[in-house]
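Working notes, structure below.
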Amino acid sequence: MSFNRLISIGFAATLGLISLSANATIDAYPFQDESKEAEFKELINELRCPKCQNQTISDSDAGLAKDLKDKTYEMVQEGATKREVIGYMVDRYGNFVHYQPPVQSSTWVLWYGPFAFMLVAFIAIVVVIRQRGKTTTSTVELSAQEKARLDELMKKDDSKS
């Protein structure tokens, strides 16, 4: 066997392994109804992987995300609504699993926290601007010696122009 033939076989084997690994990450969920497929894709992009940090179950390669995708597929195929699927996932994994958690006392920080932060920042900016305005508009009393020096400087300046 020639060296070139070995390189060709090695190159072909490498390409084959790469294509196998690429196909292994693509999950195939067959749908006969396009609306169910669209609902499935919407759901797997709305649900967060409980094991990963800030990844949807669509993006995650975790085994748990695969299980959640399978369960979502199963429920959508059985005719479950989007609300039922999300409710099922929230019952098992809490509000963390949904990127849009409901407005509850436990999620107030998520919903209202940014607005409260912006309000506090706005108030701080207004206070700082007001304090700067006070310092710039305050008058400084000059002593008699300083007034005389200022008049002298102004007269020199007027004589130049």
| query | Considering all heavy atoms of both residues, which atom of F96 and which atom of R48 are nearest to each other, and what is their separation? | reply | O-NE, 2.8 Å
| query | Rounded to the nearest 0.5 Å, what separation is found between the CD atom of E46 and the NZ atom of K41? | reply | 15.0 Å
| Taking side chain as C-beta onward, heavy atoms only, is W108 less than 4.5 Å from S105? | yes
| field | Rounded distance [0.5 Å steps], CG in D151 versus CG in D158 | value | 10.5 Å
| note | All heavy atoms of E146 vs all of E141, minimum pair found to be OE1-O, 4.3 Å
| field | Closest non-hydrogen atom pair, V97 against P50 | value | CG2-CG, 4.2 Å
| side-chain contact (heavy atoms from CB on, under 4.5 Å) assessment of L47 paired with I86 | CA-CA 8 Å; L47 295 171; I86 291 173; 4.3 Å; yes
| task | Take Q55 and D61 through the test side-chain contact (heavy atoms from CB on, under 4.5 Å) and record every step on the way to the result. | result | CA-CA 10 Å; Q55 276 188 312; D61 291 330; over 6 Å; no
| query | Between H98 and M89, is a side-chain contact (heavy atoms from CB on, under 4.5 Å) present by the stated rule, with each step listed? | reply | CA-CA 8 Å; H98 193 216; M89 297 297 179; over 6 Å; no
| request: Identify whether NZ of Lys or CZ of Arg in K69 sits under 6.0 Å from the centre of the six-membered ring of Y29 and within 45° of that ring's axis. | output: no
| message | I'd like to know if the side chain of S58 and the backbone of N45 have a donor-acceptor N/O pair within less than 3.5 Å. | response | no
| message | Testing the basics here: between G79 and E84, what is the closest heavy-atom pair and its distance to 0.1 Å? | response | O-OE1, 4.5 Å
| remark: Heavy-atom closest pair (K147 atom, L142 atom, distance to 0.1 Å) is CE-O, 3.7 Å
| query | Judged by atom type as modelled, is there a donor-acceptor pair below 3.5 Å linking the side chain of T107 to the main-chain atoms of L110? | reply | no
| Side-chain heavy atoms under 4.5 angstrom apart, residues restricted to Ile, Leu, Val, Met, Phe, Trp, Tyr: same cluster for V90 and Y99? | no
| Whether F40 and Y73 hold their rings parallel, tilted or perpendicular, with breakpoints at 30° and 60° | perpendicular
| query | Mind checking whether V127 and L119 sit in one hydrophobic cluster, side chains of I, L, V, M, F, W, Y counted as touching below 4.5 Å? | reply | yes
| request: Please check if the side chain of W111 supplies one atom and the backbone of Q104 the other of a donor-acceptor pair under 3.5 Å. | output: no
| How far does CD of E78 sit from NZ of K36, to the nearest 0.5 angstrom? | 9.0 Å
| task | To the nearest 0.5 angstrom, please state how far the CE atom of M118 sits from the CD1 atom of I125. | result | 10.5 Å
| query | Does E152 come within less than 4.0 Å of K155, counting only side-chain N to carboxylate O? | reply | no
| field | Evaluation steps, side-chain contact (heavy atoms from CB on, under 4.5 Å), between V76 and T72 | value | CA-CA 6 Å; V76 168; T72 302; 4.3 Å; yes
| said: Looking at K71, I'd like to know if its NZ atom is crowded, meaning that more than 12 non-hydrogen atoms belonging to other residues, nucleotides or ligands lie closer than 6.0 Å. | reply: yes
| query | Distance from I57 atom CD1 to L43 atom CG, nearest 0.5 Å? | reply | 8.0 Å
